[in-house]
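Numbered from 1 within each chain, the chains take letters A, B, ... in sequence-line order.
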Amino acid sequence: MAEAPFGLLAELTHRCPLQCGYCSNPLELVRRDAELSTEDWRRVFDQARSLGCLQIHLSGGEPLLRPDLPSLVEHANSLGCYVNLVTSGVGLSRERLHSLASLGVDHVQLSLQDATRAGNDRIAGIKAFDRKVEAASFVLDEGLPLTVNTVLHRQNLDNIAGIIAMAEQMGAERLELANTQYYGWALRNRAVLLPTREQLAVADPIVAAAQERLRGRMEIVYVIADYHEAHPKPCMYGWGARQLTVAPNGDVLPCPAATVISSLQIENVRDSSLHDIWHHSPSFNAFRGFEWMRDPCRSCPRKEIDFGGCRCQAFQLTGDAAATDPVCSLSPERSTVDLILETEMAPAEVPAMAMRKMR
Amino acid sequence: MTVVALDAVPRIRRGVKCTYDQIRSAHVVLFPEGVLVLNETAASVVALCDGVRSIGDIAVVLADSYDGVEPSDVAELVARMVERRVVDVDG
């Protein structure tokens, strides 16, 4: 039997007031009428807890758009789970946050698109900056710990020092600076988003210095730009190892981006229990452990560190989900990534950002 | 490496939740983006990180239930918890 998962990423809805082009949600967003009901979600939380999940990340899209959010928070909390609210901050009034906190939200993760109002709102596609600053103050006043999340890319990487200063000013105790991962809308917008080597060379030491300077006050988690690296990221710390995702329509995913792997037979909470899906489904067992690997991964000592990288990325860039993640310098397909870098880091003509919208 | 003095007073950080997991039959600490599964000794120490007792006090309390508890062992365990951002120390 596989070990029990620790976390459930509950994507309550794909609806979102923001239109960020770096979003990793799929291009084909789940529409409101296909979303799970309140009862469905309560059952999913029950099953997740019985399976071993201790953390429930309420995410989306924007979870505040679900009118049943308070009852879902209350239910997750009643199961003894750590309840993490992942939000854009848009729609979070002082009263609403107070109510959610009293029902059991333990921690708030607030997205920030850029250091300045103009930059933030250009990336978000709506005027959201002031609402975020306000939301951060509500979280602080409520006495909840705050993490600020910023996705980094060519459009905001030059402002990294300002982003760190902004997170400090907002009172965050954690800052996640995550270079864009290219799935869904971000993949579509890759030629607008891929940072240049020069940008990363300037940003990396700024982040390192801030990590040192702010030690003990604000923890900075830095997620690397994997296309630029020699080794892949340890995606999900292994397939079907620690966490599972339930999409707004009830699809159960080993990785939030797993719908891209067209050969994968995705299960749904409307048809099976999370227990059966986690332990027995072909999708969760497809890339579990090390048996599925071929060389260069199979004989590589780094397989214990990076688990062969990301299956979704391997599928997207090579057409084979069981291939070594092609960002790896040992991958026979690394030239594909190098070609992408060469042509998309500084394209002669930069395309317009495709803003994230329901079709 | 974090070093914790014997007169330091540890407390569970804000936003950190300690609970018992029936599924794993273990005490666990839940915090933003992380879970720690504790052994029995670690769970006893964490439960006493109340912002009042010092490391030395905690060692005295634990000596009632466990043989050979040294304050330095408690300090070392608390230091690991500080590094994982589960516990803060004053003083």
Side-chain angles (χ1 to χ4, degrees), chain A residues 1 3-9 46-57 59 76-86 101 104-110 139-140 142-149 171-176 178 215-221 223 237 242-243 275 278, chain B residues 1-47 49-52 54-55 75-91:
Chain A
M1 283 255 280
E3 277 195 48
F6 284 102
L8 166 70
L9 176 63
D46 288 339
Q47 293 179 358
R49 181 70 270 271
S50 312
L51 184 57
C53 289
L54 287 162
Q55 289 192 308
I56 296 187
H57 307 284
S59 180
N77 180 60
S78 76
L79 296 170
C81 288
Y82 194 86
V83 183
N84 182 21
L85 178 66
V86 186
V105 166
D106 292 299
H107 175 241
V108 177
Q109 271 180 263
L110 179 66
V139 174
L140 248 53
E142 194 57 46
L144 287 179
L146 173 70
T147 293
V148 168
N149 289 351
E173 53 184 70
R174 282 175 83 247
L175 169 61
E176 281 191 20
R215 187 178 302 281
R217 279 186 289 150
M218 184 170 84
E219 181 192 21
I220 302 180
V221 180
V223 179
Y237 296 99
R242 293 199 191 173
Q243 181 169 300
H275 180 276
W278 177 263
Chain B
M1 221 193 86
T2 308
V3 177
V4 176
L6 299 187
D7 60 355
V9 177
R11 81 169 70 227
I12 306 283
R13 275 181 75 100
R14 190 173 56 130
V16 173
K17 219 159 145 173
C18 301
T19 182
Y20 185 78
D21 178 16
Q22 300 92 330
I23 308 296
R24 293 177 179 81
S25 304
H27 289 276
V28 290
V29 179
L30 314 179
F31 51 109
E33 301 292 321
V35 174
L36 277 185
V37 180
L38 302 177
N39 63 26
E40 199 192 331
T41 328
S44 311
V45 172
V46 169
C49 292
D50 56 7
V52 178
S54 69
I55 299 289
E76 203 175 293
L77 200 144
V78 168
R80 288 213 300 274
M81 295 293 160
V82 170
E83 277 173 8
R84 295 301 300 268
R85 295 172 54 86
V86 166
V87 166
D88 269 340
V89 286
D90 312 329

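Among residues two or more places apart in sequence or in another chain, the ring pair (Phe, Tyr, Trp, His ring centres under 6.0 Å) test is passed with B:Y20 by B:H27. Residues satisfying the salt bridge (charged side-chain N to carboxylate O under 4.0 Å, His left out) test with A:R242, not counting sequence neighbours, are none.
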> Passes side chain to side chain contact (heavy atoms under 4.5 Å, CB included), B:D21 versus A:R49? Steps please.
Replying inline: CA-CA 10 Å; B:D21 178 16; A:R49 181 70 270 271; 2.6 Å; yes
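For B:V28, the part lying under 4.5 angstrom from a heavy atom of chain A is the side chain only. Using a 4.5 Å cut-off between heavy atoms, B:R14 contacts chain A through both its backbone and its side chain. Within the 4.5 angstrom heavy-atom criterion, no atom of A:Q243 approaches chain B.
Side-chain atoms of A:Y82 come within 3.5 Å of backbone N or O of B:G15 as a donor-acceptor pair. Looking only at distances, no side-chain donor or acceptor of B:Q22 sits under 3.5 Å from a matching main-chain atom of A:S50.
The residue among A:N84, A:T147, A:L144 with the most heavy atom pairs within less than 4.5 Å of chain B is A:L144. Chosen from A:E173, A:R174, A:H57, A:Q109, the residue pairing most often with chain B at heavy-atom distances under 4.5 Å is A:E173.
Atom NE2 of A:H107 is separated from atom NZ of B:K17 by 13.0 Å, given to the nearest 0.5 angstrom.
Counting heavy atoms of neighbouring residues, nucleotides and ligands inside a 6.0 Å radius, atom CZ of B:R84 does not exceed 12 of them.
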